[in-house]
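Structure first, then comments.
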Amino acid sequence: MQERAARTRQAVLEAAADEIAERGYEGASLQRVVWRAATSMGALTFHFRTKTALAEEVRGVGRARFAHRMEELAAAADPLRELRTLIGAMARLAHQDRFVRAARRLEADRPVGVPPLAEVWLPVLRGLLDRAHGADRLRPGVSPEDAVALLAHLAEGAMAAHDATRDPAWDSVWDSVWDVVLHGLAADPAGRRAGRP
């Protein structure tokens, strides 16, 4: 019985993530969540007493998945290469992971008390840039703070582009954009080549 309850709870969470990602918190309907999860309203309310509790759990799962992926990337040997990997991974998560999409939508809708996902990924980005700066991998005159500002906007744009329908040409455009970014950031041509896999 517990296994069945766990499956129902997971189905409700997945359905709620899809519903919130598509319609936002206000537009999300518990009735549509029940329909998507192929369960009953009683089963939904058994696991989540309110819409707010359900949305909070969805946001928490999305944030945890995002944080897990960021932890995997934080300790890379080559910080410039990892910057590209980091932003690409963030964009893919924003497109492919229903819970991350829902967490981003909840953040955009600004319910009270929702911490931004930037709290998860911005420290990783800063850490990689600090390491690149410490290893003299950044072009002279490029401060880590300026690079953080540039790459934070690039990351948000990449995630927003992936929130929409995935364009098959995105990967080649991303390679070109990244070449331009590295040209402006890297201290030398070898550093720029190292930044591209």
Side-chain angles (χ1 to χ4, degrees), residues 1-76 82 85-128 148 151-167 170:
M1 186 65 167
Q2 288 179 345
E3 185 179 328
R4 182 177 167 193
R7 282 197 312 268
T8 299
R9 186 178 193 280
Q10 185 62 30
V12 167
L13 278 173
E14 290 174 4
D18 288 337
E19 178 74 7
I20 291 167
E22 290 172 15
R23 301 174 187 273
Y25 178 79
E26 291 300 325
S29 157
L30 293 182
Q31 189 58 53
R32 278 192 300 268
V33 170
V34 165
W35 177 78
R36 285 176 186 245
T39 191
S40 67
M41 188 61 75
L44 184 150
T45 57
F46 173 79
H47 293 288
F48 305 99
R49 295 215 182 268
T50 65
K51 181 178 173 180
T52 300
L54 178 58
E56 189 59 29
E57 182 71 14
V58 166
R59 187 198 63 77
V61 170
R63 188 177 174 93
R65 288 182 178 198
F66 205 89
H68 177 71
R69 184 66 178 121
M70 296 304 102
E71 287 170 12
E72 292 175 350
L73 298 170
E82 209 54 28
T85 304
L86 172 73
I87 295 172
M90 290 166 56
R92 279 188 299 282
L93 278 170
H95 177 70
Q96 296 171 352
D97 190 299
R98 62 173 44 114
F99 289 98
V100 172
R101 285 195 315 271
R104 284 181 47 77
R105 182 66 187 261
L106 286 168
E107 179 180 320
D109 289 352
R110 300 275 186 225
V112 176
V114 174
L117 278 175
E119 287 182 359
V120 174
W121 61 263
L122 205 49
V124 177
L125 181 69
R126 282 190 179 120
L128 290 169
V148 165
L151 292 174
H153 283 88
L154 181 63
E156 285 291 349
M159 286 189 289
H162 268 54
D163 283 345
T165 303
R166 172 75 185 243
D167 181 348
W170 191 87

>> Measuring from atom CG of Leu54 to atom CD1 of Ile20, what distance do you get when rounded to the nearest 0.5 angstrom?
In response: 5.5 Å
> Hey, what do you get for CD (Glu82) to CG (Leu125), rounding to the nearest 0.5 Å?
Replying inline: 11.5 Å
> At their closest point, which heavy atom of Ala103 faces which heavy atom of Gly62, and how far apart are they?
Replying inline: CB-CA, 4.4 Å
>> Under the side chain to side chain donor-acceptor pair (under 3.5 Å) definition, can you give me all pairs with a residue in residues 29-43, not counting sequence neighbours?
In response: Glu19-Arg32, Glu19-Arg36, Glu22-Arg36
>> Let me confirm one number: the CZ-CZ distance from Arg9 to Phe48, rounded to the nearest 0.5 Å.
In response: 4.0 Å
> Checking Arg98 side chain against Ala15 main chain: does a donor-acceptor pair fall under 3.5 Å?
Replying inline: no
> Which heavy-atom pair separates Gly42 from Thr45 by the least distance, and what is that distance?
Replying inline: O-OG1, 3.2 Å
> Are Met70 and Met90 side-chain neighbours, meaning at least one heavy-atom pair lies under 4.5 Å?
Replying inline: yes
> Is the closest side-chain heavy-atom distance between Leu13 and Phe99 below 4.5 Å?
Replying inline: yes
> Should Glu156 and Arg104 be marked as a salt bridge (charged side-chain N to carboxylate O under 4.0 Å, His left out) after you check the CA-CA gap, both sets of side-chain angles, and the distance that decides it?
Replying inline: CA-CA 11 Å; Glu156 285 291 349; Arg104 284 181 47 77; 3.5 Å; yes
>> In the structure I gave you, are the side-chain heavy atoms of Arg7 and Gln10 within less than 4.5 Å of one another anywhere?
In response: no
>> Any non-hydrogen side-chain atom of Leu151 less than 4.5 Å from a side-chain atom of Leu86?
In response: no
> Sub-3.5 Å donor-acceptor pair from the side chain of Glu107 to the main-chain atoms of Leu117, do we have one?
Replying inline: yes
> Which residues satisfy the side chain to side chain donor-acceptor pair (under 3.5 Å) test with His153, sequence neighbours excluded?
Replying inline: none
>> Any salt bridge linking Asp97 with Arg92? Criterion: basic side-chain nitrogen under 4.0 Å from a carboxylate oxygen.
In response: no
> Taking only residues two or more places apart in sequence or in another chain, which ones pass side chain to side chain donor-acceptor pair (under 3.5 Å) with Thr52?
Replying inline: Tyr25
> Which heavy atom of Val58 sits nearest a heavy atom of Ala16, and at what distance?
Replying inline: CG2-CB, 3.8 Å
> What heavy-atom pair brings Ala43 and Thr8 nearest, and what distance separates the two atoms?
Replying inline: CB-CG2, 4.0 Å
> Is the shortest heavy-atom distance from the side chain of Ile87 to the side chain of Met159 under 4.5 Å?
Replying inline: no
>> Is there a side-chain contact between Arg65 and Leu93 in this structure, where contact means two heavy atoms from C-beta onward sitting under 4.5 Å apart?
In response: no
> Using 4.0 Å as the upper bound for N to carboxylate O, is an ion pair formed by Glu56 and Arg59?
Replying inline: yes
